[in-house]
> 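Can you keep this structure in mind? I'll have questions shortly.
Reckoned from all heavy atoms, side chains included, excluding hydrogens, waters and symmetry mates.
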Amino acid sequence: MSTGAYLHCFLGVSGREWRRFVQQRTRFFSALVRPLLWLVVFAAGFRAVLGISIMAPYGTYIVYEVYITPGLCCMILLFNGMQGSLSMVYDREMGSMKVLLMSPLSRPFLLLCKVLAISLVSLVQVYAFLAIAWWYGIRPPALGLITALPALLLVALMLSTLGLVLANAIRQLENFAGVMNFVIFPLFFLSSALYPLWKMQEAGPWLYWLCSYNPFTHGVELVRFALYEQLAVGALLWCLGLTGLFGLIAAATFNLQRGQGL
């Protein structure tokens, strides 16, 4: 296979995702409304209750809105990753997945095109949210908006591959919404997106343990440090390892489904 064939495949898959994104304008606005409600309403209510001490990567005391912004960025990536996986279940139900399977290119490469396309669409929504948050007064270093880009892309890939693992395991479209909620909410709430891990440790060791081993926690911390021009090495290694693991599982189960006639 020539390089042009791989590029043509990627452009075709990503172009379909972008057209779907443009045609579904409510998807863009709903992706922004959800984190903005948390930023404006939820954070305002918790600002006086939950004080944030000096902690890395922040060099001084911060307001609660500043703390939860990286978590809300990852919330967008999480919901979009799961929504992108929902589109894969829909394609399988409608039969268009068979067209993709007719490609002579390898199945892992097809999955890579899918998750990368979903991730790039998610990044547009994250930076739109960061632009509104900047206007609202949440202003990380300008250079941090650039250093956060590879971190956001890696986290988007991790969550998208996790979504594909779920999509491969679910045979019917109507079952996906329930499973998606069962995954999204524990991932989000049992993480450092809303509260620092040391506060979770004060609440109980079992809760702290769950949050520490939550993949979403490491994604949030990677983005949090990157926004302030720092590298969280532990979080980076976790995200790289989990992305590879989820990708291998997704590729294996995708091929298995093909053998079952999908």
> Under 4.5 Å between side-chain heavy atoms, counting indirect links through other Ile/Leu/Val/Met/Phe/Trp/Tyr residues: same cluster for L166 and M75 or not?
yes

> Do L197 and V66 share a hydrophobic cluster (ILVMFWY, side-chain heavy atoms under 4.5 Å, transitive)?
no

> Can you tell me how far CG of L120 sits from CG of L153, rounded to the nearest 0.5 angstrom?
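One gets 6.5 Å once the value is rounded to the nearest 0.5 Å.
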
> Just distance, no hydrogens or angles: give the donor-acceptor pairs under 3.5 Å from side chains in residues 231-238, sequence neighbours left out.
none

> With a 4.5 Å cut-off on side-chain heavy atoms, are L36 and L72 touching?
no

> Do L162 and L187 make a side-chain contact, defined as non-hydrogen atoms from C-beta onward lying under 4.5 Å apart?
yes

> Please report the interatomic distance CG(L159) to OG(S122), rounded to the nearest 0.5 Å.
9.0 Å

> Calculate, to the nearest 0.5 Å, the distance between atoms CE and OG belonging to M158 and S119 respectively.
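Atom-to-atom, M158:CE and S119:OG are 10.5 Å apart.
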
> Is there side-chain contact between R224 and E221, with heavy atoms separated by less than 4.5 Å?
yes

> Is it true that F189 and V220 fall in one hydrophobic cluster, defined by side-chain heavy atoms closer than 4.5 Å?
yes

> Decide if atom CH2 of W134 counts as having more than 12 heavy atoms of other residues, nucleotides or ligands within a radius under 6.0 Å.
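It does: W134 CH2 has more than 12 such atoms within range.
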
> With rounding to the nearest 0.5 angstrom, report the CD1 to CZ distance, I76 to F79.
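Spacing of CD1 (I76) from CZ (F79) equals 10.5 Å.
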
